[in-house]
Amino acid sequence: MAQETIAILGGTGDQGLGLALRFARAGRPVAIGSRKVERAIEAAEQVRKQVPGAQVTGFDNAEAVAAAPIVILSVPFEHTAGTLKAVRERLREGQIVISMGVPLATAIGDGAVRMLGIWQGSCAELVAALVPKGVQVVSAFQNVSAHRLQHLDEPVECDVVVSGAKDPRERVMALCGLVPGLRAVDGGPLGNARIVESLTALLIGLNVRYEVSAGVGIRFTGLPQS
Ligand SMILES: NC(=O)c1ccc[n+]([C@@H]2O[C@H](COP(=O)([O-])OP(=O)(O)OC[C@H]3O[C@@H](n4cnc5c(N)ncnc54)[C@H](OP(=O)(O)O)[C@@H]3O)[C@@H](O)[C@H]2O)c1
């Protein structure tokens with residue numbers, strides 16, 4: 001069976017590019033999206049330089065959505081709604097949208113170690129409120145460092161809590177296994193995203209206090225081997 005393409009909206013940024021590199025390295029086709037197609041094409045070239053033979057293409061965000069059954073939203077929290085509204089018409093039933101955003105207080109000019117209150121409860125639940133009916137939203141990858149994703153020669157060493165409805169959640173958990181060192185942890189329903197997103201603010205504080213510029217990750221102990 002042909003491998004499913006993974007689209008990354010805002011894939012020109014630090015985190016999106018890191019995921020593009022890792023999925024491309026694992027042999028998955030990747031569609032990098034941007035508001036400007038030239039930026040996406042440039043990012044795709046950057047991936048091919050580091051991963052020769054990578055199946056990666058640059059699109060504008062709407063075309064990237066049309067190209068893939070799984071779409072990762074990789075823009076700063078404050079641009080979540082605008083980005084989704086711009087591509088909403090291209091989203092279709094059965095697609096999975098992965099929410100990776102964190103409502104950090106930086107969105108209103110405050111610090112990255114504090115969170116904003118979101119009426120829906122979390123960025124992921126906001127995304128779920130904005131996508132058309134039949135599109136499934138899964139929360140994942142908020143606690144993975146962009147720096148570690150981009151350093152292809154080393155495993156990432158981080159747990160990824162994946163939350164959402166069972167079927168799409170399991171499909172996204174399978175994606176984590178494509179990246180050396182990432183382990184998917186079953187995070188249950190989408191409502192748990194508010195807990196996972198908050199961990200990011202804590203991790204950013206840990207990065208500062210322990211001077212870990214590459215980014216601290218999380219590991220859960222005591223889980224059975226799967
Ligand atoms: N950086 C990390 O270590 C890290 C770790 C975990 C999770 N995350 C999450 O991953 C997501 C992306 O983070 P990032 O660090 O990669 O962000 P970023 O580099 O600041 O931005 C990502 C992309 O968002 C797009 N963008 C910027 N301004 C926009 C606007 N006004 N409207 C629409 N799109 C805009 C840009 O793409 P174009 O200009 O090409 O459209 C940009 O390349 C965030 O939700 C963040 O919370 C980041």
Side-chain angles (χ1 to χ4, degrees), residues 6-23 30-47 56-65 71-88 97-108 110-116 118 122-127 130 137-151 156-163 172 176 179 182 193-194 196-208 212-218:
I6 301 166
I8 307 175
L9 310 190
T12 52
D14 288 341
Q15 184 77 347
L17 191 64
L19 286 172
L21 284 163
R22 292 290 182 165
F23 290 138
V30 175
I32 293 184
S34 168
R35 289 166 297 170
K36 287 204 165 16
V37 67
E38 312 82 58
R39 275 171 56 74
I41 290 170
E42 208 175 289
E45 269 164 25
Q46 217 176 316
V47 172
V56 53
T57 314
F59 294 102
D60 66 35
N61 281 333
E63 292 299 329
V65 164
V71 178
I72 302 176
L73 201 47
S74 186
V75 298
F77 168 73
E78 57 271 36
H79 306 308
T80 302
T83 302
L84 271 177
K85 282 176 188 160
V87 302
R88 197 175 186 281
V97 172
I98 300 179
S99 173
M100 188 167 60
V102 176
L104 296 174
T106 45
I108 55 163
D110 193 11
V113 295
R114 287 184 280 278
M115 301 285 292
L116 297 177
I118 302 300
S122 63
C123 175
E125 290 161 288
L126 170 67
V127 172
L130 292 171
V137 176
V138 173
S139 144
F141 302 119
Q142 297 94 337
N143 303 316
V144 184
S145 140
H147 178 100
R148 294 193 191 277
L149 284 171
Q150 290 191 19
H151 282 70
V156 181
E157 298 302 354
C158 185
D159 282 352
V160 178
V161 182
V162 185
S163 307
V172 174
C176 297
V179 181
L182 282 193
R194 61 192 74 177
V196 181
E197 292 175 9
S198 301
L199 283 176
T200 299
L202 178 68
L203 292 174
I204 291 170
L206 291 175
N207 290 343
V208 174
V212 184
S213 57
V216 170
I218 52 169

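Everything numeric here is computed off the predicted structure, so don't read it as measured data. Indexing begins at 1, ligand by ligand and atom by atom, following the structure's order.
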Out of P76, A146, C158, who is nearest to atom 1 (N) of ligand 1 when you count heavy atoms only? A146

Check the surroundings of atom CD in E78: do more than 12 heavy atoms from other residues, nucleotides or ligands lie under 6.0 Å from it? yes

Among all protein non-hydrogen atoms, which one is nearest to atom 46 (C) of ligand 1, and what is the separation to 0.1 Å? M100 O, 4.3 Å

Considering only heavy atoms, which of Q150, R35, R39 lies nearest to atom 30 (C) of ligand 1? R35

Within the 4.0 Å heavy-atom cut-off, what T80 brings close to ligand 1 is neither

Treating Q15 as the side-chain partner and A146 as the backbone partner, does any N or O pair qualify as donor plus acceptor under 3.5 Å? yes

Is R194 salt-bridged to E125, cutoff N-O under 4.0 Å? yes

Which residue and atom name correspond to the protein heavy atom nearest atom 47 (O) of ligand 1, and how close is it? V102 N, 3.7 Å

Is a side-chain N or O of D60 found less than 3.5 angstrom from the main chain of K36, in a donor-acceptor match? no

Can you confirm, on distance only, whether ligand 1 has an N/O atom lying under 3.5 Å from any N/O atom belonging to H147? no

Within the 4.0 Å heavy-atom shell around G13, which atoms of ligand 1 are there? 16 (O), 19 (O), 22 (C), 43 (O)

To check your reading of the model: name the closest protein heavy atom to atom 15 (O) of ligand 1, its residue, and the distance in Å. D14 CB, 4.0 Å

Here the atoms of ligand 1 under 4.0 Å from any heavy atom belonging to G101 are 45 (O)

For G10, the ligand 1 atoms with a heavy-atom partner under 4.0 Å come out as 22 (C), 23 (C), 37 (O)

Taking N207 for its side chain and V216 for its backbone only, find out whether a donor-acceptor pair lies under 3.5 Å. yes

Quick check against the 3.5 Å criterion: does R114 have a side-chain atom that pairs as donor or acceptor with the backbone of A105? no

min-distance protein heavy atom vs atom 22 (C) of ligand 1 -> S74 O, 3.4 Å

What verdict does the side-chain contact (heavy atoms from CB on, under 4.5 Å) test give for E197 and M115, after you've listed the backbone C-alpha separation in whole Å, the side-chain angles of each residue and the deciding distance to 0.1 Å? CA-CA 9 Å; E197 292 175 9; M115 301 285 292; 4.2 Å; yes

Are any of the N/O atoms in S34 less than 3.5 Å from those in ligand 1? yes

Write out the residue and atom name of the closest protein heavy atom to atom 4 (C) of ligand 1, then the distance separating them to 0.1 Å. Q15 OE1, 3.3 Å

Does the N or O separation between T12 and ligand 1 drop below 3.5 Å for any pair? yes

R88 side chain vs L130 backbone, donor-acceptor pair below 3.5 Å: yes

Result for side-chain contact (heavy atoms from CB on, under 4.5 Å) between R22 and one of L182, V144, L149 points to L149

Tell me if a side-chain donor or acceptor on Q142 pairs with a main-chain N or O of L199 at a distance below 3.5 Å. no

So if I count the atoms of ligand 1 from 1 in the order they appear, which ones are less than 4.0 Å from some heavy atom of Q142? 6 (C), 7 (C)

Could an N or O of ligand 1 be found under 3.5 Å from any N or O of L73, whether backbone or side chain? no

Just by distance, do the side chain of S145 and the backbone of A214 share a donor-acceptor pair under 3.5 Å? yes

Does an N or O from S145, backbone or side chain, lie closer than 3.5 Å to an N or O of ligand 1? no

Of the listed options V75, L19, V144, closest to atom 25 (C) of ligand 1 (non-hydrogen atoms): V75

